[in-house]
Every structure is written in C-alpha cells, then in structure tokens.
Protein chains: 2
Amino acid sequence: MRTEARLELGPSSLTDALYESIRKRIVNGEIPQGEKLTEVRLATEYNVARPTAKAALERLTALGLLRRTAHKTAVVPVLDEAEIRDLFFSRITIEKAAVSTLAATGQVPAEAARAQVAIEYAARDRLFENQVEADIAFHTALVAAVGSRRLTRMHELIIGEVQLTMGQYQAHRKAAPTTVAEEHAAILTSIEEGAPDAAAEHLAYHLEQAQGRLLSTLSGD
Amino acid sequence: MRTEARLELGPSSLTDALYESIRKRIVNGEIPQGEKLTEVRLATEYNVARPTAKAALERLTALGLLRRTAHKTAVVPVLDEAEIRDLFFSRITIEKAAVSTLAATGQVPAEAARAQVAIEYAARDRLFENQVEADIAFHTALVAAVGSRRLTRMHELIIGEVQLTMGQYQAHRKAAPTTVAEEHAAILTSIEEGAPDAAAEHLAYHLEQAQGRLLSTLSGD
DNA sequence: CGTGCATTCTTGTCTAACAATTTGAGGATC
DNA sequence: GATCCTCAAATTGTTAGACAAGAATGCACG
C-alpha cells in the first residue's frame with residue numbers, strides 16, 4: 001500500500017476529506033473485506049494526526065462500513081447471508097415508503113430519471129462500474145425526492161453497506177444488462193401513474209432480485 | 001448550573017458515560033430547547049478533557065439530539081411542526097415494518113408485553129414520567145423483537161428525537177391516561193392474531209394520535 | 001502439544017498549544 | 001439614532017506528545 005495518500009481539499013474539514021477518501025476506497029473494494037485499519041497506519045499514510053484518523057474511523061463505523069469494539073482494531077466487515085438479508089429487509093422498508101410517498105403525488109423525481117438514463121447508457125455499453133454507480137444514484141434520488149431529512153439519513157445508514165457488498169461481490173455482472181433498467185422503469189411508471197401499492201411492489205420485486213443475485217454470488221459463484 | 005457533575009462508572013468508556021449523561025439531561029428536558037453546549041463548558045463541568053466532550057457531542061449530533069455545523073456551537077434543536085411531521089413519518093415507516101413482521105410470526109414479544117403492563121400501572125397511578133419511559137420502552141421493544149440489527153439502528157436514530165419532543169412538550173399529559181394503553185393493546189392483539197395489515201394500521205393510528213397531541217401542544221397549548 | 005505469562009501492539013484519554021472560523025461589541029460614518 | 005465595519009474574544013479544528021489500559025501475539029515451560 002502506498003504511503004502518503006493524497007486528500008482532495010474540497011470538503012472544509014480535514015476529517016471530512018479523510019472520511020470521504022477512506023469511504024471510497026472501501027466501497028470500491030480497494031480496501032478488501034476483512035482488512036484491518038489501525039489509527040496510526042491511516043494517520044501516517046494520510047499524514048494527519050491520530051485523533052483525526054480516529055474521528056474518521058468512528059464515522060465510518062457509524063455507517064456500518066467498519067466494525068470495531070473497544071480497544072480493538074477497526075475491520076472492514078464481511079457480510080454473511082443473514083446480514084445481507086437483513087440489509088435488504090431494511091433497505092426495502094425504507095425505499096418502499098419512499099416510492100409509495102412519491103406515487104401519492106405522481107411526481108417522478110427528475111434526478112431519478114436522469115440516473116435511469118445513465119443506467120441505460122451504461123448497460124448498453126457494458127460499463128459495469130458506471131452501472132453500479134448510477135444504480136445507487138437512482139435509489140438515492142428516489143429517497144431524497146421525498147424530502148424527508150430523517151428518511152434520507154436512515155437510507156444513508158443503509159446504502160453504504162449496499163455499496164460495500166456490490167463493490168466486493170460485483171453481483172451486477174450477473175444481471176442481464178437491461179434487466180435492472182427495466183425494473184427501474186416499472187417503478188417510475190407506477191409513480192407517474194400515482195399507484196403507491198404498485199410502485200412499492202415493483203420496488204420490492206426489484207430489490208429481491210438484486211438480493212438474489214448477491215446471495216447466489218456469495219454461495220455458488 | 002452546577003459544576004462538577006458526577007458520572008456513573010458503569011460504561012467502560014468515559015466517552016460513553018459522558019454521552020449517556022448528557023443524553024439523559026437532554027431528553028428529560030433538564031437541558032432545554034435552544035440551549036447551547038460548548039465543548040469547554042462540558043469539559044470543565046464534567047471534569048474531562050475537551051476531546052472527550054467533543055466526541056460525546058458528535059455522537060449526540062449523529063442521533064439528532066444536537067445540531068451543529070462546522071465551527072459553531074452545538075445547540076439542542078427546536079423541532080417545528082414540519083420537523084415533527086417528518087419525525088413521525090419516519091417513525092411510522094420503521095415501526096409499521098416492525099409490527100407487520102412480528103404479526104407474520106404471531107409472536108408477541110415478551111419485553112413489549114412487560115412494558116405494556118408498566119404503562120397500565122403508570123397510567124392508573126398518573127405517574128406521567130414513568131408512562132413516557134414505558135411508552136418508549138414499548139415501541140423500542142417491538143422494533144428490537146424483529147431481530148434486525150439495521151432496523152433497530154434506524155429506529156435508534158429516530159427515537160432519540162421522539163424522546164426529546166416528548167420530554168420538552170410533555171404531550172402525554174394531554175392523553176386520557178388509558179388511551180395509550182388501549183391503543184397499544186390493539187397492536188399487540190393484531191400481532192397475536194397474525195394480522196400484519198391490521199397491526200400496521202393500529203400502529204399508524206396510534207402514532208398519528210400521538211403526533212396530533214404533540215402538534216396541538218405546540219400550537220394551542 | 002497445550003497452557004500461561006510477558007512483551008508488544010493498539011486504542012482510550014489527557015495536557016498543551018496553535019490555527020481557522022464565528023460571534024459580538026464597540027466605534028466610525030451617515 | 002441607525003447602520004455598517006473593524007477588531008477582539010470566544011469557539012471549534014487540528015496537531016503533538018505522552019501515559020494508561022486492554023488485546024493480541026509469541027515464547028517458554030510443564
């Protein structure tokens with residue numbers, strides 16, 4: 001691992017920048033499952049003080065991207081089947097509420113529509129990385145469009161782990177390229193038609209499919 | 001405010017103890033809405049180092065019990081009507097999922113039943129404080145009984161703010177003493193009968209009532 | 001080969017200090 | 001007298017170094 005990693009100076013806080021950098025490296029799979037992250041190693045690597053590294057680790061732990069208990073080293077978690085099921089159960093709970101609410105107004109969020117287009121392009125060109133990214137953007141946009149700060153925060157608590165598993169298992173490669181796009185389209189259509197129950201069902205189906213792909217990657221490969 | 005507050009030595013970590021102590025003082029209303037909490041003041045008051053106080057404040061901020069932005073002092077938030085609606089929308093989302101899941105198994109969680117008994121006693125004896133406490137315990141027990149780590153964590157993210165508003169508006173005093181207990185009983189009955197939709201409806205009704213009491217306290221008083 | 005102890009690593013907490021930012025008060029100006 | 005500006009004070013962000021306490025590891029010994 002290269003010493004002296006660089007930090008983008010975008011965020012105002014140094015802790016923010018460090019947090020973002022590590023977060024990306026984890027969800028990209030650059031830091032693999034089971035990897036241990038000590039405070040001093042990160043501090044020296046990024047050339048920051050240990051308390052700063054500590055703060056970043058604590059925030060990642062709060063989002064489920066790291067596990068750690070008192071006096072023990074933080075580690076990138078390995079999600080087993082039970083935990084992936086739990087993750088998707090929770091995710092479905094949040095996103096169902098989101099699409100139902102959106103359907104009640106009949107307004108298709110513009111941001112989600114944009115992400116949907118990006119997914120279609122990525123699927124056509126077989127750009128898996130982009131497809132994963134746009135997929136996350138799509139679901140995040142749906143939740144954000146509800147305009148509920150707390151629903152959004154709960155979703156953030158979930159979506160990090162989703163990215164983690166996606167990046168590490170690369171389950172999207174198992175999906176027929178256009179399947180995801182079609183399932184998304186069904187959700188958007190139901191929202192546009194003002195059908196909350198249908199939207200919720202399409203969403204649940206879509207996420208159950210995604211969960212199935214992840215689990216089959218996990219066991220059979 | 002008294003200097004040199006005492007910390008219970010139960011939790012292993014000093015930060016944990018500090019966090020718990022401040023958290024209780026906030027949800028009890030001992031630290032009122034709008035109160036500013038500076039790092040140095042807490043540090044001197046509790047006789048700990050500033051970084052320790054900082055860590056506790058950050059954890060409280062993550063749970064919504066404090067608001068703060070970069071370089072500004074933390075403040076106990078004042079929830080307006082829109083935010084209370086958002087809070088209950090999010091809360092209903094989580095707890096509906098919880099009771100539906102429990103009803104699917106037909107198992108009434110023992111812990112919730114215990115809390116229900118405690119509420120009935122408190123209502124009979126008009127012990128409002130105990131009633132609030134037992135009410136929170138009841139709802140927390142329902143969610144915990146699902147056994148989903150992530151659902152529980154999302155609920156924790158919500159329930160702190162619920163306690164905050166309950167403690168500060170004391171809305172429970174508006175409820176006829178036995179109303180809450182009856183509404184809870186309806187939820188438990190539906191769970192026992194294995195009726196997910198009915199359980200969800202009873203829960204939504206119950207929480208909408210609670211929200212209504214809070215909002216009327218907020219405007220009319 | 002297994003167990004127990006000591007070393008070492010890592011985290012928890014503190015003290016002290018400086019930098020960067022926000023806040024508030026006072027003064028100058030209109 | 002009101003408003004804006006400037007500057008000082010207060011507060012947070014970050015660093016460095018240090019020590020204590022708990023966890024992990026390896027080695028010696030039975």
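Naming convention: chains lettered A, B, ... in sequence-line order (proteins, then strands); numbering from 1 in each chain.
Between the CZ atom of A:Arg67 and the C1' atom of C:dT11 there is a distance of 20 Å, given to the nearest Å. Going from atom CD of B:Glu58 over to atom C1' of C:dT13 covers 15 Å, rounded to whole Å. The OH-P distance, from B:Tyr19 to C:dT13, rounds to 15 Å in whole Å. Following rounding to the nearest Å, B:Leu66 (CG) and D:dT12 (C1') show an atom-to-atom distance of 15 Å. A straight line from NZ of B:Lys36 to C1' of D:dA10 spans 10 Å, rounded to a whole angstrom. In this structure, the CG atom of A:Leu37 is 16 Å from the C1' atom of C:dC9, given to the nearest Å. Rounded to whole angstrom, the span from the CG atom of B:Leu14 across to the P atom of C:dT11 amounts to 19 Å.
Applying the salt bridge (charged side-chain N to carboxylate O under 4.0 Å, His left out) test between A:Arg25 and each of A:Glu35, A:Glu20, A:Glu45 identifies A:Glu45 as the sole match. When B:Ile136, B:Thr165, B:Val162, B:Leu65 are each tested for a side-chain contact (heavy atoms from CB on, under 4.5 Å) with B:Val27, only one passes: B:Leu65.
Listed candidates were D:dT12, C:dC14, D:dT15. Nearest to the side chain of B:His71 is D:dT12. Of the candidate nucleotides D:dG22, C:dG24, D:dT14, D:dT14 has the atom nearest to the side chain of A:Thr52. With D:dA23, D:dT15, C:dT15 as the candidates, the nucleotide lying closest to the side chain of B:Pro51 is C:dT15. For B:Glu39, the listed nucleotide lying nearest its side chain is D:dG13; candidates were C:dT15, C:dT10, D:dG13. Distance from the side chain of A:Ala49 is smallest for D:dT15 among the nucleotides D:dT11, C:dC14, D:dT15.
Checked by distance alone, B:Arg50 brings a side-chain donor or acceptor within 3.5 Å of a matching partner on the base of D:dG13. With hydrogens and angles ignored, no donor-acceptor pair under 3.5 angstrom links the side chain of B:Arg68 to the base of D:dT11.
When side chains are defined from C-beta on, A:Glu156 does not count as touching A:Thr140, because their heavy atoms never get closer than 4.5 Å.
Between B:Ser13 and C:dT13 there is a side-chain N or O to OP1 or OP2 distance below 4.0 Å. Between B:Lys54 and D:dG13 there is a side-chain polar atom (N or O) within less than 4.0 angstrom of OP1 or OP2. Listed pair B:Thr73 / D:dA10 fails the phosphate criterion, with no side-chain N or O lying under 4.0 Å from OP1 or OP2. Within the structure, every side-chain polar atom (N or O) of B:Thr15 is placed at least 4.0 Å from both OP1 and OP2 of C:dG12.
The two atoms that bring A:Leu37 and A:Leu66 nearest to each other are CD1-CD2, 3.9 Å, heavy atoms only.
The existence of a salt bridge linking A:Glu30 and A:Lys24 is excluded, since no basic side-chain nitrogen approaches an acidic carboxylate oxygen closer than 4.0 Å.
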